[in-house]
Amino acid sequence: MAGPLTVGELAGHLDRAQSVVSEIVNQLEGKALLERERDPADRRRVLVWLTPDGRAVRDRDREVLDVELLREAFESLGAREAASCLATLRTLVDQTVRATRRPVDQPPATAHHDYHYQGDGHD
């Protein structure tokens, strides 16, 4: 979404090692989801960006919570699986409601995940 980036810049956005991102870029390029080109302003730099097919995959993956897709997924479940899934979803909604009603000075109760984004302010 940030436009053409170098593999190093992409690694920084994703908070992953450049070697890992380079391998992912190679795989996505092999599937025609990414393109690479030398930066016309600095021929030492190689820029990568999503192809139209890559953007289509990104957009489709964002729609995972689409109401129609969820309906189809629930219809494919057995009665016991659907009931279990709905019970879990109700618990998640209840926990979310409780979390949003906490006092302002109380930190959110979360598992200790190190999910963070180190953007460069250009998002």
Side-chain angles (χ1 to χ4, degrees):
M1 292 182 57
L5 298 170
T6 66
V7 171
E9 291 165 339
L10 188 56
H13 279 291
L14 299 173
D15 194 25
R16 297 289 180 259
Q18 189 167 337
S19 60
V20 171
V21 174
S22 183
E23 180 59 33
I24 293 168
V25 165
N26 289 338
Q27 291 175 17
L28 293 174
E29 184 182 31
K31 296 176 182 180
L33 300 176
L34 282 179
E35 290 182 350
R36 294 184 212 228
E37 183 177 299
R38 293 238 174 246
D39 184 345
D42 181 351
R43 301 295 294 165
R44 295 170 296 175
R45 291 173 27 115
V46 176
L47 301 173
V48 295
W49 63 90
L50 290 172
T51 64
D53 286 345
R55 285 191 299 277
V57 169
R58 178 203 59 201
D59 293 346
R60 185 183 67 234
D61 286 352
R62 286 184 176 168
E63 298 300 321
V64 70
L65 294 178
D66 177 78
V67 173
E68 183 62 24
L69 291 174
L70 285 172
R71 184 190 60 74
E72 290 174 16
F74 269 101
E75 286 178 354
S76 71
L77 297 176
R80 192 174 295 172
E81 289 174 308
S84 175
C85 189
L86 285 172
T88 300
L89 288 171
R90 284 187 185 108
T91 300
L92 285 171
V93 169
D94 290 345
Q95 292 298 328
T96 302
V97 168
R98 282 191 203 108
T100 58
R101 291 185 182 157
R102 70 179 184 279
V104 174
D105 61 342
Q106 179 183 353
T110 62
H112 296 287
H113 296 291
D114 290 325
Y115 299 118
H116 52 72
Y117 172 74
Q118 296 178 347
D120 60 5
H122 297 290
D123 298 345

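All residue numbers refer to positions in the sequence shown, counting from 1. The structure displayed is predicted, hence computed values, not measured ones.
- At distances below 3.5 Å, not a single donor-acceptor pair connects side-chain atoms of Ser84 with backbone N or O atoms of Arg80.
- Linking Ile, Leu, Val, Met, Phe, Trp and Tyr residues whenever their side-chain heavy atoms come within less than 4.5 Å places Leu92 and Leu77 in a single cluster.
- Glu75 pairs by the side-chain contact (heavy atoms from CB on, under 4.5 Å) definition with Arg71, not counting sequence neighbours.
- Annotation: side chain of Val20 is not in contact with side chain of Glu23 (no heavy-atom distance under 4.5 Å).
- In the hydrophobic cluster analysis, where Ile, Leu, Val, Met, Phe, Trp and Tyr join through side-chain heavy atoms closer than 4.5 angstrom, Leu10 is grouped apart from Trp49.
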Pair Lys31-Val57, side-chain contact (heavy atoms from CB on, under 4.5 Å): steps then yes or no: CA-CA 11 Å; Lys31 296 176 182 180; Val57 169; over 6 Å; no
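- The minimum heavy-atom distance between Arg38 and Arg43, with the atom names listed, is CD-O, 2.9 Å.
- Between Phe74 and Cys85 the shortest heavy-atom distance is CZ-SG, 3.7 Å.
- Ala32 and Asp53 get closest at one heavy-atom pair: O-CB, 4.0 Å.
- Side-chain contact between Thr6 and Val46 is absent, with no heavy atoms from C-beta onward closer than 4.5 Å.
- Ile24 is not listed as a side-chain neighbour of Arg16, based on a closest heavy-atom distance of 4.5 Å or more.
- Leu69 is not connected to Leu86 by any chain of hydrophobic side-chain contacts under 4.5 Å among Ile, Leu, Val, Met, Phe, Trp and Tyr, and they are in different clusters.
- In this structure, CG on Leu28 lies 10.0 Å from CZ on Arg36, to the nearest 0.5 angstrom.
- Nearest approach of Ala11 to Gln18, heavy atoms of both residues: CB-CA, 3.8 Å.
- Here the straight-line distance linking atom CG of Leu5 with atom NE2 of His13 works out to 5.0 Å at 0.5 Å rounding.
- Minimum heavy-atom separation, Thr51 to Leu34: CG2-C, 3.7 Å.
- Ser76 approaches Ala73 most closely through the heavy-atom pair OG-O, 2.6 Å.
- Put simply, the side chain of Glu37 does not reach to within 4.5 Å of the side chain of Leu47, judged on heavy atoms.
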